[in-house]
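Keep in mind that this is a model prediction, so the values were computed, not measured.
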Amino acid sequence: KKQRKAVVDGDATDDTTTTKKKATERSYYEEHDIRVSKESGAAVDEAMTRFEDAPFGDDCLRALRQTYDGPTPTQAVSWPLVLGDCDVVSVAKTGSGKTLAFLLPAMRKLQLRGKIRVEGPCSPRCLVLAPTRELATQIGDEAAKFAPTLDCR
């Protein structure tokens, strides 16, 4: 199976490689200065601008609404790509929502695969790498908030 990749640049200043699906999406991408460069046939889907647009389930949506007003632009654009099996590289400022942009779709995919029964030692089904202990701790904290809502641990 050929890998599909996309680069989401939340700090875009050059519009030469922007992929825009339709006029309403074009304004969303332009409004938030987001450029999506697609490679290997990645489809740029409609941005998920409301939590209700994302397929994370009611428990997860309630948890999101308790903490956040709505998806960040990085999340809105990244979720459809990641859920569509694209590899995504997101370049955006600290606090832009990159962690949940990849973490929630990963947990949703694990939830859809169902629980597996393992006797003895088990292997991870998802591996998240971080360059620093501080970032790994922050990612772990975010994962701990939302994992129970998506039947993950």
Side-chain angles (χ1 to χ4, degrees), residues 1-65 67-116 123-131 135 138-140 142-153:
K1 180 178 168 183
K2 192 172 183 178
Q3 288 293 89
R4 299 179 336 156
K5 298 185 263 186
V7 177
V8 177
D9 187 348
D11 298 327
T13 54
D14 173 22
D15 198 30
T16 57
T17 60
T18 304
T19 302
K20 298 167 184 141
K21 190 168 182 185
K22 55 187 178 183
T24 57
E25 291 307 304
R26 185 176 309 123
S27 62
Y28 183 84
Y29 285 76
E30 289 172 351
E31 177 184 346
H32 296 287
D33 198 22
I34 294 175
R35 179 180 66 208
V36 176
S37 302
K38 64 180 193 170
E39 304 171 18
S40 305
V44 178
D45 292 329
E46 204 170 305
M48 295 180 178
T49 58
R50 302 172 315 130
F51 287 137
E52 294 76 16
D53 297 335
F56 301 134
D58 293 338
D59 291 341
C60 185
L61 295 180
R62 272 192 293 280
L64 283 165
R65 281 193 216 101
T67 310
Y68 306 104
D69 293 330
T72 66
T74 297
Q75 293 163 347
V77 172
S78 296
W79 285 340
L81 292 168
V82 176
L83 290 164
D85 291 331
C86 285
D87 293 336
V88 174
V89 176
S90 182
V91 180
K93 296 176 182 173
T94 300
S96 62
K98 293 182 298 291
T99 299
L100 290 182
F102 75 84
L103 201 56
L104 291 180
M107 286 193 262
R108 175 64 177 154
K109 287 182 177 208
L110 290 174
Q111 180 187 38
L112 291 174
R113 289 185 185 150
K115 294 183 180 183
I116 57 172
S123 300
R125 294 174 62 202
C126 178
L127 177 64
V128 178
L129 300 175
L135 184 55
Q138 291 172 3
I139 293 169
E142 286 299 298
K145 286 182 203 173
F146 295 99
T149 69
L150 291 163
D151 294 326
C152 294
R153 56 183 176 107

Inset, instruction - Heavy atoms only: give me the nearest P71-M48 pair and the separation to one decimal. - result: CG-O, 3.5 Å
Inset, instruction - For residues V77 and Y29, determine if any side-chain heavy atom of one lies less than 4.5 Å from a side-chain heavy atom of the other. - result: yes
Legend entry - Closest approach of C152 to L110 (non-hydrogen atoms, all atoms of both residues): SG-CB, 4.0 Å
Inset, instruction - To the nearest 0.5 angstrom, please state how far the CG atom of D58 sits from the CD atom of E52. - result: 9.5 Å
Inset, instruction - Without swapping roles, check the side chain of R108 against the backbone of L150 for a donor-acceptor pair under 3.5 Å. - result: no
Legend entry - Euclidean distance, T149 OG1 relative to L64 CG, rounded to 0.5 Å: 7.0 Å
Inset, instruction - Enter the distance from L104:CG to F146:CZ here, rounded to the nearest 0.5 Å. - result: 6.0 Å
Inset, instruction - Please report the shortest heavy-atom distance between C126 and A106, naming the atom on each side. - result: SG-CB, 4.1 Å
Inset, instruction - List the atom of T99, the atom of E142, and the distance in Å for their closest heavy-atom pair. - result: CG2-CB, 4.1 Å
Inset, instruction - Return yes if some donor-acceptor pair links the side-chain N/O of S96 with the main-chain N/O of K93 below 3.5 Å, else return no. - result: yes
Inset, instruction - Apply the test salt bridge (charged side-chain N to carboxylate O under 4.0 Å, His left out) to residues R35 and E30: give CA-CA distance (whole Å), side-chain angles for both, the deciding distance (0.1 Å), then the verdict. - result: CA-CA 8 Å; R35 179 180 66 208; E30 289 172 351; over 6 Å; no
Inset, instruction - Find the distance between CD1 (I34) and OG1 (T74) and round it off to the nearest 0.5 Å. - result: 5.5 Å
Legend entry - Point-to-point distance, once rounded to the nearest 0.5 Å, from CZ of R50 to CG of L61: 10.0 Å
Legend entry - F56 side chain reached by P105 side chain, heavy atoms, under 4.5 Å: yes
Inset, instruction - Answer yes or no: is there a side-chain heavy-atom contact under 4.5 Å between T49 and Y28? - result: yes
Legend entry - Any donor-acceptor pair under 3.5 Å from Q75 side chain to G97 backbone: yes
Legend entry - Distance (rounded to the nearest 0.5 Å) between L83 CG and S78 OG: 10.0 Å
Inset, instruction - Specify whether F51 and W79 have parallel, tilted or perpendicular ring planes, treating 30° as the upper limit for parallel and 60° as the lower limit for perpendicular. - result: tilted
Legend entry - Donor-acceptor pair, side chain of K109 and main chain of V82, under 3.5 angstrom: yes
